[in-house]
Number of protein chains: 2
Amino acid sequence: MKKKIYVHVADDHKILIEGIIAVINTDKEIEIKGCSLTGQEVIKWFANKKNSADVLILDLTMPVLDGFEVLKHFKKNKIDQKVIVLSSYDDLKIVQEVLSLGCKGYISKNSAGEHIVNAIKAVANDEQYFSTDIQKMLLKSLSGQKVPSGKMPEKFLLDSLTEREIEVLKLITKQYSTTEMADLMNLSTNTVETYRKSLLKKLKVKNAVGLAMYAVKHKIV
Amino acid sequence: MKKKIYVHVADDHKILIEGIIAVINTDKEIEIKGCSLTGQEVIKWFANKKNSADVLILDLTMPVLDGFEVLKHFKKNKIDQKVIVLSSYDDLKIVQEVLSLGCKGYISKNSAGEHIVNAIKAVANDEQYFSTDIQKMLLKSLSGQKVPSGKMPEKFLLDSLTEREIEVLKLITKQYSTTEMADLMNLSTNTVETYRKSLLKKLKVKNAVGLAMYAVKHKIV
DNA sequence: TTTTACCTCACCAAAAACAGTGATTAATAT
DNA sequence: ATATTAATCACTGTTTTTGGTGAGGTAAAA
């Protein structure tokens with residue numbers, strides 16, 4: 001019998017935690033050592049010297065403190081905690097961000113539950129682990145290919161807009177047409193259209209209405 | 001041995017589905033009869049006469065068609081399907097909305113997994129079921145107390161416009177194109193365009209973005 | 001120094017939106 | 001009985017948006 005692997009699970013949805021526990025319990029080698037519903041709880045739990053876990057399964061979107069904050073906390077305080085991120089986001093930038101923050105594995109929530117068990121074992125054994133969709137994405141980017149942007153938290157989307165794009169976005173919400181904007185900004189209509197297309201792509205919406213709704217939601221207007 | 005209860009699960013996150021299945025499998029009385037990842041899949045599944053389920057567990061946020069649209073489809077086509085909504089939203093208006101659309105139970109994703117089993121049994125037995133947090137909220141509102149608004153998607157209500165126009169307006173804010181609306185509402189594109197033009201005239205705006213902004217301004221967003 | 005990000009513009013093609021006019025039916029109100 | 005309103009659809013246009021590809025210049029960063 002190998003040594004047991006102890007795991008801590010953090011996600012704001014209890015039901016998902018229970019699902020993970022159910023999946024993990026099918027494997028005798030792994031044991032749950034506790035779970036948290038917020039990033040704050042995670043940090044508190046690991047701050048207690050009586051607590052420890054070989055692997056932390058970490059969701060990125062949680063109230064109070066999110067997964068990014070937890071990873072930053074570990075890095076800042078030089079706590080060498082093995083972390084597997086379990087997220088519904090599948091954007092390259094997000095993956096790169098958490099990897100730079102020291103996470104050792106990344107599993108998309110869209111992948112099958114068995115992957116969690118494999119990931120835990122790999123990471124506990126000082127390897128890295130990525131679910132197949134994430135693996136493909138990383139390989140693609142390493143081979144220099146462009147990776148289309150995927151689902152990601154909105155705070156990242158906002159940052160990715162340039163000044164000009166935000167200008168155009170504001171004018172769109174004021175019902176300006178492309179020619180009117182080009183006039184006002186002293187640009188060619190082609191240029192304005194380029195920004196328009198770039199906005200659609202970056203914010204992952206279908207049309208100008210989607211842009212307007214996004215702008216409202218994020219108080220850009 | 002009682003008669004088995006057959007259940008269909010719809011959620012865009014496979015892992016959550018697996019979690020639910022794991023929880024449900026602890027109870028011999030209940031059996032999974034299929035699952036869907038989008039609202040469109042749900043509708044298609046139930047449209048097939050070979051398929052049926054006593055209870056549908058329904059997420060509200062799904063791609064292609066969301067949970068609201070699924071409930072609307074059932075109501076419109078007078079399909080008497082027992083539905084339990086499983087959502088991360090905990091706003092009173094959302095709960096009222098889905099109840100008015102005929103749903104029989106509402107479980108917050110923050111509640112423990114055992115509730116799902118209880119909910120399924122209750123609803124299969126023609127009762128209603130709400131997780132404790134939702135119950136508290138409903139009681140509070142029934143006793144006339146104000147309920148603070150919780151997490152919710154974008155919703156609104158409007159006057160002076162006809163029902164059909166409001167429907168179209170709602171869909172426009174969701175980035176539907178005219179053909180998509182015509183498809184969904186079983187109308188000709190000409191008709192939908194008529195509503196569109198009528199909206200532009202009545203609300204005195206230039207384009208679809210103006211409509212969307214109006215919708216936002218005159219409602220709860 | 002090389003790479004990357006941003007701003008700028010062009011050309012092409014298809015899809016969608018916008019504009020106006022008019023018409024039928026059914027229900028409702030006067 | 002008649003007028004109004006809502007819902008439905010058609011025909012014919014023009015304008016705008018959307019999608020894709022490509023590319024030059026500049027400034028900052030690695």
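Since this is a predicted model, take the numbers as computed values, not measurements. In what follows, chains carry the letters A, B, and so on, assigned in the order in which the sequence lines appear, proteins first and then strands, with residues in each chain numbered from 1.
In the set C:dC18, C:dC6, D:dA7, D:dA7 carries the atom at the smallest distance from any side-chain atom of B:Thr162. Out of D:dG19, D:dA6, D:dT16, the shortest distance to the side chain of A:Ser177 is found at D:dT16. Considering only side-chain atoms of B:Ala208, the nucleotide from C:dT8, C:dA16, C:dC18 that sits closest is C:dC18.
In the region residues 181-199 of chain A, proximity to DNA chain C at under 4.0 angstrom, judged on heavy atoms, holds for A:Leu187, A:Ser188, A:Asn190, A:Thr191, A:Thr194, A:Tyr195.
Contact annotation: the side chain of B:Leu86 never approaches that of B:Tyr106 to less than 4.5 Å [non-hydrogen atoms, C-beta and beyond].
Under a 3.5 Å cut-off, the side chain of A:Glu165 and the backbone N or O of A:Leu161 do not form any donor-acceptor pair. Using modelled atom types, no side-chain atom of A:Glu69 and backbone atom of A:Gln40 make a donor-acceptor pair closer than 3.5 Å. Between the B:Ser36 side chain and the B:Thr38 main chain, no donor and acceptor come within less than 3.5 Å of each other. No donor-acceptor distance shorter than 3.5 angstrom exists from the side chain of B:Asp12 to the backbone of B:Leu37, with no hydrogens or angles considered.
Within the helix from C:dT1-D:dA30 to C:dT30-D:dA1, the inter-axis angle between the opening and closing five-pair segments is 50°, rounded to 10°.
Atoms CD (B:Glu163) and P (C:dA27) sit 15 Å apart, rounded to a whole Å. Atom C1' of nucleotide C:dC7 and atom CD of A:Glu167 are separated by 11 Å, given to the nearest angstrom. Between A:Leu171 atom CG and D:dT16 atom P the separation is 16 Å, expressed in whole Å. Atom P of nucleotide D:dT5 and atom CG of B:Leu161 are separated by 15 Å, given to the nearest angstrom. What separates CD of A:Gln175 from P of D:dT17 is a distance of 11 Å, to the nearest Å. Between the NZ atom of B:Lys201 and the P atom of D:dT5 there is a distance of 14 Å, given to the nearest Å. The CG-C1' distance, from B:Leu200 to C:dA19, rounds to 10 Å in whole Å. In this structure, A:Glu180 places its CD atom 8 Å from P of D:dT16, rounding to the nearest Å.
Taking a cutoff of 4.0 Å between a charged side-chain nitrogen and a carboxylate oxygen, B:Lys33 and B:Asp54 do not qualify as a salt bridge.
The environment of A:Lys170 atom NZ is sparse: at most 12 non-hydrogen atoms of other residues, nucleotides or ligands sit within 6.0 angstrom. Atom NZ of B:Lys206 has more than 12 neighbouring heavy atoms from other residues, nucleotides or ligands inside a 6.0 Å radius. Environment of CG in A:Asn48: crowded, with over 12 heavy atoms of neighbouring residues, nucleotides or ligands closer than 6.0 Å. The environment of B:Phe46 atom CZ is dense: over 12 non-hydrogen atoms of other residues, nucleotides or ligands sit within 6.0 angstrom.
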Write down the protein N/O and nucleotide N/O pairs, taken from nucleotides 28-30 of chain C, whose separation is under 3.5 Å; answer none if there are no such pairs.
none

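One finds a side-chain N or O of A:Arg164 lying less than 4.0 angstrom from the OP1 or OP2 phosphate oxygen of C:dT8.
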Should A:Ser108 and A:Asp133 be marked as a side-chain hydrogen bond (donor to acceptor under 3.5 Å, both in side chains) after you check the CA-CA gap, both sets of side-chain angles, and the distance that decides it? CA-CA 8 Å; A:Ser108 143; A:Asp133 48 346; 3.2 Å; yes

Could you go step by step and tell me if B:Lys82 and B:Asp126 meet the salt bridge (Lys or Arg N to Asp or Glu O under 4.0 Å) rule? CA-CA 8 Å; B:Lys82 287 166 190 159; B:Asp126 281 324; 3.3 Å; yes

